[in-house]
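In each ligand, atom 1 is the first atom listed, and ligand 1 is the first ligand listed. Below, each value reflects all heavy atoms present in this structure, side chains not excepted, and no hydrogens, waters or symmetry copies.
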Amino acid sequence: MAFKGKSKNSKGNRVSNIPVNKNMTKNDYNKVNDGVFVYTGAISVAQLSKELNVPATNIIKFLFLKGKMVTLNQTLDDDLIGEVCLEFGYDFKKEKIVSEENFEDLEIVDDAKNLKERPPIVTIMGHVDHGKTTLIDTIRNSNIVATEAGAITQAIGAYQKEIKGKKITFIDTPGHEAFTQMRSRGASVTDIVIIVVAADDGVMPQTREAIDHANAAKVPIIIAINKIDKPGADSERVKQELMALNIVAEEYGGDTIFCEISAKKNIGIEELLENVLALAEMQELKANPNRYAMGTVLEAKLDKGEGAKATLLVQNGTLNTGDYVVVGAAYGRVRRMTNEYRAELKIAGPSTPVAIIGLTEVPVAGDKFMAFPTEKQAREIAEKRKLAKTKEELKSSNVPTTLEGFFEQIKEGEIQELPVIIRADNQGSAEAVKGALLNIQVEGIRINVLRATAGAITETDVLLASTSGAIIFGFNIRPDANVRKKAEEEKVEIRLHTIIYHLTEEVEAAMKGMLKPTYREQILGQAEIRKVISASKIGKIAGCMVINGVIKRDASCRLIRDGVVVYEGKINSLKRFQNDAKEVAENFECGLTIENFNDIKEGDIVEAYEMVEVKQ
Ligand code: GDP
């Protein structure tokens, strides 16, 4: 499946990589197209029957005769879907829906006119002691580009060498372990493999392994017969031995490039590199520099001074400092990019390895990365990926996210477990709430505490709750506006309490299917304290800005500091300028006092609420 990005950004007119599926939308899957049933995953007998226009009983009967008992709503795996399709005269095809969540699978197809030649990416492999490290060092240190000579290098996992005005990118880690490890993570970065064979030792077990790995990855091989300076060197023998492995030199009618070198004495290195370029030219390696970068993490570590530091190999597009990148489920802003000579780069085009800092987490080598023009995009995509990951981990089915919904499902016998997330003002109370909840004994149902931690409720909590069907209990804390909005979007219920037994009572009632809330609190609005004014008679007056909703005189209120409820009480007086006010709306200033409470600070939030009756 191919996607084309769409132009988004003016900065260098790079094209965004966000997958935009031109051909099919989600609704186009699980449908018959031209006699082919295109599907994306497990599908039920009922659904398949509908799409193939075959009575479900026929499908069930057919599978029954094959020895498979299935019911109408049972989902079928790939094999069964295939068998059913063929039986009823359809071809079938499984497609993967590629989206931001799994951009690893995204196959970018660039218009030929946007493609530019890019440097080949080379990995050096071979048997131990045959000279891989020496070759890497010799190439790195050879003064092919005079200006780079004498520069202090840093090991970033890869480096570039320029020869005859063209660049070659070398992956630093020799040996096939790193290569295979990358491949096992689905990353293919190498265009050409140089296999080093010592002329005095010949083909050895790891030579064979290296060949197998290169073949498996369908990457062309160049053979570097090394140590030709040694007295016992016998290049012909090496060629004969390799012939037995189907690696045939051009002079013997084959198509593999052989170079005779001495890595130690710097003989034949330039010819080797020229051959790499020649092979690269034949491969027509190209990329589109005018799109946002995408590629693979080669190395990553936590640097004491600089935080997460990763070497990214740009495989397509161009990476700029200031770009936002998503790696795995983490994201960050490229704060600084350096090359292997510690030189700072502002841009890194295709095939360039760069060490970057600015990621929030240390990624794993082999992870794919993708750059985005805005932080919002990167954050949203990272969140989606985190969510997809959590979903994958939880593999949860359809469960309710409200307490009422929960007991509905208990009644229907659909669930036996109530997943909850607990947030409290400190770890001690989080544990206390957890303990109290786990103590509730209702036959047939148990409480599953997914998380019980101190601190404000976060958007991640909401996402976790949404994927696992959990209810969030906040104890002595209040969610901020963003979190509340997210919870609304995700239809996650947040229940807030300041007294443990109220909380446990409520849960127990729900578990017994007796939850009958008659009153429920309704938040009126929030005001932020901008200034604290001391008045000798009255005490402390909070000079506020109403940041959302309205604040009403005589409403119940709570004082929130850093997401934690510090006090619960009532609003005592409310003024607009010098005049008493009944209510003050959003974006207006007001002065207020809280009954019997003076310990207010700038930055505190006053949240006003009312209790409203809930109709049964
Ligand atoms: P690796 O295990 O494949 O990385 O091999 P090394 O690069 O560590 O080399 C193993 C040994 O062979 C070292 O002692 C090198 O100095 C030596 N060596 C590597 N290349 C050459 C060469 O071209 N000629 C000679 N004489 N020795 C070499």
Output side-chain donor-acceptor pairs under 3.5 Å for residues 352-364, partner residues at least two apart or in another chain, one line each.
from : atom 1 : to   : atom 2 : distance (Å)
T352 : OG1    : G349 : N      : 3.4
T352 : OG1    : G349 : O      : 2.7
T360 : OG1    : Y331 : O      : 2.7

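Judged as a salt bridge (Lys or Arg N to Asp or Glu O under 4.0 Å), and not counting sequence neighbours, the contacts of D200 are K230.
Nearest to atom 9 (O) of ligand 1 by heavy-atom distance, out of D137, T134, T133, is T134. Among D201, I225, D129, D229, the residue whose heavy atom sits closest to atom 10 (C) of ligand 1 is D129. Distances from atom 3 (O) of ligand 1 to the heavy atoms of K132, K227, M125, K230 show the closest one on K132. Of the listed residues (Q206, K264, H127), the one carrying the non-hydrogen atom nearest atom 22 (C) of ligand 1 is K264.
Remark: ligand 1 and I228 share no N or O pair separated by less than 3.5 Å (distance only, no angle test).
Near V128, the atoms of ligand 1 lying under 4.0 angstrom from a non-hydrogen atom of the residue are 2 (O). Listed by atom number, the atoms of ligand 1 under 4.0 Å from S262 heavy atoms are 22 (C), 23 (O), 24 (N). Near H130, with a cut-off below 4.0 Å to any heavy atom, the atoms of ligand 1 are 3 (O), 5 (O).
Of the N and O atoms on the side chains of N215 and N246, not one donor lies less than 3.5 Å from an acceptor on the other residue.
Other residues, nucleotides and ligands contribute only 12 or fewer heavy atoms inside 6.0 Å of the CD1 atom of I347. The number of heavy atoms from other shown groups lying within 6.0 Å of CG (D255) does not exceed 12. With a 6.0 Å radius and a threshold of 12 heavy atoms from other residues, nucleotides or ligands, E284 has its CD atom at or below the threshold.
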